[in-house]
Amino acid sequence: MIIETNSASETLVLGEKLGKAAKPGQIYTLNGDLGVGKTVLTQGFAKGLGITEAVNSPTFTIIQEYTEGRLPFYHFDVYRIGDIEEMEEIGYDDYFFGEGVCLIEWAELIEELIPEGAISITIEKDLEKGFDYRKITVE
């Protein structure tokens with residue numbers, strides 16, 4: 001499925017729709033260049049899960065846990081992972097195979113750990129279509 005958005009607010013709304021549809025145990029991978037809108041989509045996703053606290057990218061902590069919504073939400077940012085063993089150290093499999101929902105930014109960096117059946121989200125810019133244009137592929 002390909003969705004085109006033309007503003008950060010439209011990207012946020014798409015994230016919210018995805019969050020409302022999320023089911024226990026689902027894993028979403030989120031890929032795209034720096035500044036493409038991954039955090040905005042994630043904020044909408046959290047809103048769709050009923051999470052009201054501020055959601056920011058956990059770049060230096062690798063994972064941020066949110067438990068106040070209808071499902072536990074585990075937001076990973078693996079951009080700074082130096083070695084796949086770091087994922088072992090944080091006990092990633094407890095999150096990946098638990099009852100919550102995982103959303104993993106920069107998932108291509110740990111693709112060997114991503115289980116089959118994960119839902120892939122890719123965000124791309126196309127400046128020819130406008131500064132705020134985003135092509136979002138969900139598969």
Side-chain angles (χ1 to χ4, degrees):
M1 166 173 54
I2 296 175
I3 301 102
E4 295 177 310
T5 65
N6 292 290
S7 67
S9 61
E10 288 180 15
T11 301
L12 186 86
V13 168
L14 173 62
E16 187 175 356
K17 288 178 184 175
L18 292 170
K20 284 180 178 177
K23 297 181 176 81
Q26 284 185 321
I27 297 174
Y28 292 80
T29 63
L30 183 53
N31 296 297
D33 293 336
L34 284 169
V36 81
K38 294 184 298 293
T39 299
V40 170
L41 188 126
T42 301
Q43 290 167 339
F45 194 96
K47 186 176 179 184
L49 287 169
I51 294 164
T52 57
E53 69 182 280
V55 173
N56 295 299
S57 196
T59 302
F60 295 100
T61 58
I62 301 174
I63 183 170
Q64 184 67 46
E65 299 180 37
Y66 303 92
T67 57
E68 69 175 63
R70 66 177 179 85
L71 295 170
F73 177 44
Y74 308 118
H75 178 201
F76 289 81
D77 183 332
V78 298
Y79 183 72
R80 300 208 186 281
I81 288 280
D83 189 302
I84 208 79
E85 288 180 15
E86 290 180 54
M87 291 298 290
E88 298 279 352
E89 290 170 11
I90 64 167
Y92 80 92
D93 49 348
D94 291 337
Y95 299 103
F96 283 18
F97 303 107
E99 290 301 308
V101 177
C102 295
L103 189 144
I104 308 157
E105 292 188 42
W106 301 99
E108 70 270 16
L109 299 174
I110 61 163
E111 64 186 339
E112 62 267 34
L113 298 179
I114 304 298
E116 281 189 41
I119 298 164
S120 171
I121 303 170
T122 303
I123 305 176
E124 300 169 280
K125 287 184 182 182
D126 184 344
L127 294 177
E128 290 183 12
K129 293 188 177 184
F131 181 77
D132 292 323
Y133 171 85
R134 300 296 185 266
K135 175 183 168 188
I136 303 169
T137 306
V138 180
E139 49 192 0

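On a predicted model such as this, the values are computed, not experimentally measured, just so you know.
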| If you take all heavy atoms of Ala21 and Gln26, which pair is closest and at what distance? | O-OE1, 4.2 Å
Can you give each donor-acceptor pair under 3.5 Å made by side-chain atoms of residues 34-50, sequence neighbours left out, with the distance rounded to 0.1 Å?
{"residue": "Lys38", "atom": "NZ", "partner": "Gly32", "partner atom": "O", "Å": "2.9"}
{"residue": "Lys38", "atom": "NZ", "partner": "Asp33", "partner atom": "O", "Å": "2.9"}
{"residue": "Thr42", "atom": "OG1", "partner": "Lys38", "partner atom": "O", "Å": "2.8"}
{"residue": "Gln43", "atom": "NE2", "partner": "Val55", "partner atom": "O", "Å": "2.9"}

| Are Glu105 and Tyr79 close enough that a side-chain donor and a side-chain acceptor fall under 3.5 Å? | no
| field | Working for side chain to side chain contact (heavy atoms under 4.5 Å, CB included), residues Leu18 and Ile119 | value | CA-CA 11 Å; Leu18 292 170; Ile119 298 164; over 6 Å; no
| query | Linking I/L/V/M/F/W/Y whenever their side-chain heavy atoms sit closer than 4.5 Å, directly or via other members, would Val138 and Leu103 fall into one cluster? | reply | yes
| query | Going through the checks in order, is the side chain to side chain contact (heavy atoms under 4.5 Å, CB included) test met by Asp126 and Glu124? | reply | CA-CA 7 Å; Asp126 184 344; Glu124 300 169 280; over 6 Å; no
| message | Could you go through Lys125 and Arg134, starting from their C-alpha distance and side-chain angles, then the distance that decides it, and tell me whether this counts as side chain to side chain contact (heavy atoms under 4.5 Å, CB included)? | response | CA-CA 5 Å; Lys125 287 184 182 182; Arg134 300 296 185 266; 3.4 Å; yes
| message | Take a 6.0 Å sphere around CD of Glu85 and say whether it holds more than 12 heavy atoms from other residues, nucleotides or ligands. | response | no
| task | Report the C-alpha distance between Glu16 and Leu12 in whole Å, list the side-chain angles of each, state the deciding distance to 0.1 Å, and finish with yes or no for side chain to side chain contact (heavy atoms under 4.5 Å, CB included). | result | CA-CA 6 Å; Glu16 187 175 356; Leu12 186 86; 5.7 Å; no
Can you give the donor-acceptor pairs under 3.5 Å from side chains of residues 63-70 to other protein atoms, not counting sequence neighbours?
{"residue": "Glu65", "atom": "OE2", "partner": "Tyr95", "partner atom": "OH", "Å": "2.6"}
{"residue": "Glu68", "atom": "OE2", "partner": "Thr52", "partner atom": "N", "Å": "2.6"}
{"residue": "Glu68", "atom": "OE2", "partner": "Thr52", "partner atom": "OG1", "Å": "2.6"}
{"residue": "Arg70", "atom": "NH1", "partner": "Ala22", "partner atom": "O", "Å": "3.2"}
{"residue": "Arg70", "atom": "NH2", "partner": "Gly19", "partner atom": "O", "Å": "2.8"}
{"residue": "Arg70", "atom": "NH2", "partner": "Lys20", "partner atom": "O", "Å": "2.9"}
{"residue": "Arg70", "atom": "NH2", "partner": "Ala22", "partner atom": "O", "Å": "2.8"}

| task | Answer with yes or no whether the hydrophobic clustering places Ile104 together with Ile81; edges join I, L, V, M, F, W, Y residues whose side-chain heavy atoms lie under 4.5 Å apart. | result | yes
| request: For the residue pair Phe96 and Tyr92, categorise the inter-ring angle as parallel (less than 30°), tilted (30 to 60°) or perpendicular (more than 60°). | output: perpendicular
| task | With sequence neighbours excluded, tell me which residues meet side-chain hydrogen bond (donor to acceptor under 3.5 Å, both in side chains) with Glu88. | result | none
| message | If hydrophobic clusters are built by linking Ile, Leu, Val, Met, Phe, Trp and Tyr wherever their side-chain heavy atoms come under 4.5 Å apart, do Ile123 and Tyr133 end up in the same one? | response | no
